[in-house]
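Notes for the one structure printed next.
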2 protein chains.
Amino acid sequence: MARRADHSREELYEIAMQAACEIVEADGYHALTARNVADAIGYSPGTLYNVFANLDDLTLHLNGRTLDALYDRLESSEDLATPEDNLGQLLDGYLSFLEDHRNLWNTLFEYSLPKGQEPPAWYARKVNKVLSLLEEALSPIFPEGNTEAKANAARILWAGLHGICSLSGSGKLQVVTTQPVRAMAEGLLANYVAGLRISGTK
Amino acid sequence: MARRADHSREELYEIAMQAACEIVEADGYHALTARNVADAIGYSPGTLYNVFANLDDLTLHLNGRTLDALYDRLESSEDLATPEDNLGQLLDGYLSFLEDHRNLWNTLFEYSLPKGQEPPAWYARKVNKVLSLLEEALSPIFPEGNTEAKANAARILWAGLHGICSLSGSGKLQVVTTQPVRAMAEGLLANYVAGLRISGTK
DNA sequence: TATATAAACTGAACAGTGTTCAATTAATAT
DNA sequence: ATATTAATTGAACACTGTTCAGTTTATATA
């Protein structure tokens, strides 16, 4: 059988992403195979390759959606009085997203592009969009205009928190500590920001 | 052909680890396959399964060696005046190890045990041994006896630095910043420790 | 020394992976 | 009614980890 046209290319993209999402949520990144997705949407593996360049491409698109969802969750934060409060709120949102979507979040980082390849611009834009929320929260700590220092601090903090979350997610933290992720993340956040406040932010 | 006895089981373990190490150093974790290792040592895949339970087991042992090598590198640090100096020296050692053994270091984290499984005690011991160097360097900041706070801080700092190094190693940092890894790591270290100094360490 | 036992090793096999592509089918344009 | 074009399939390729019956050889026993 061929030329079914049950779905347009756009619909095919949509249901494939949906299926990919469900597969990952249910069984994790390792279960995200071409045949699994194809089975789930009732098409053959080959059809996926009309819509996506390859599985890497599909994964990248899935991760794009996860970043969108993460942004939406974080963006709904209220504007509080101090940077510390705002950052704490962002952290709450981040950790609760992580709890709700462990497997999707893990896929965000377990997957990396083949060596040497860079992600497309639209992907970098989504990451930067999430980071901009962190920059905003850090903003009051830095003097007006020092956008570079602010951007750098946001990325350092993000990477640091990522370390805690990813080691925890892969079970590597449990081996060396009984501290809960939240406590560690709060510890890093509080002390790093305290350090920023007294050090070279001018 | 069978029953060659060219090598004892210990020798087999040794040359397999050697081969695994070279394969990873040369081509990365993804090249660490049973057949690649078997070919490299001139045995069939099946033989590997007499020495190791499975590829996971082999990888875990390889990672154990990497941890040993990392410890040896860090342990050779001198004892300087301030925690800041000692921590800086550890960071230097860590980053230079990372540069010299990118692929081995990546394997340390790209690989995780199947969900639910815990690494054996000897593995946890090796990780804790590396962490003890960090604890030692942080020691003067904490009041005598507060070993738990010290241990916690060491693990938070380690996880944070790990985030920076792993995002960098997988090419994910380059997407959002031009900061060198070293600058980011130093930024995190300096501010986190500064924060520790003024906050609740008593 | 001849024979039985046990251990080491192989290589084919199984079920899975990503990916390609000739062949088929159906919608569309002529 | 016919030719063209595009969508879809499914078999095939080269790879993966892992198992295990069968072969070979070293060692222990008689």
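Just so it is clear: chains get the letters A, B, ... in the order the sequence lines come, proteins before strands, and each one is counted from 1. The structure displayed is predicted, hence computed values, not measured ones.
Side chains of B/His7 and B/Tyr43: a donor-acceptor N/O pair is present below 3.5 angstrom, by distance only. Side-chain N/O atoms of A/Asn191 and B/Ser199 include a donor and acceptor closer than 3.5 Å. A side-chain donor from one of B/Gln179 and A/Asn152 sits under 3.5 Å from a side-chain acceptor of the other. Defined by atom type and a distance below 3.5 Å, a donor-acceptor pair is present between the side-chain atoms of B/Arg73 and B/Ser96.
Both A/Asn36 and B/Ser44 sit near DNA chain C, but only B/Ser44 has its closest nucleotide nearer the 5' end. Along DNA chain D, the nucleotide nearest to A/Asn50 and the one nearest to B/Asn54 differ in position, and the one closer to the 5' end is contacted by A/Asn50.
Within residues 104-118 of chain B, no residue has any heavy atom closer than 4.0 Å to DNA chain D. Near-neighbour residues of DNA chain C inside residues 27-35 of chain A, defined by a heavy atom below 4.0 Å, number-ordered: A/Leu32, A/Thr33, A/Ala34, A/Arg35.
Summary for the helix from C/dT1-D/dA30 to C/dT30-D/dA1: the axes at its two ends, each from 5 pairs, differ by 20° when rounded to the nearest 10 degrees.
B/Leu12 comes within 4.0 angstrom of sugar-phosphate atoms only, judged by non-hydrogen atoms across all strands, and of no base.
Between B/Thr47 and C/dA8, a side-chain N or O to OP1/OP2 separation shorter than 4.0 Å is absent.
Partner of A/His61 under the ring-ring contact (aromatic ring centres under 6.0 Å, His included) criterion, out of A/Tyr111, A/Tyr123, A/Trp122: A/Trp122 alone.
A donor-acceptor distance shorter than 3.5 angstrom exists from the side chain of A/Asn128 to the backbone of A/Ala124, with no hydrogens or angles considered.
Each of C/dC9, D/dA7, C/dG18 was ranked by its minimum atom distance to the side chain of A/Tyr49; first place goes to C/dG18.
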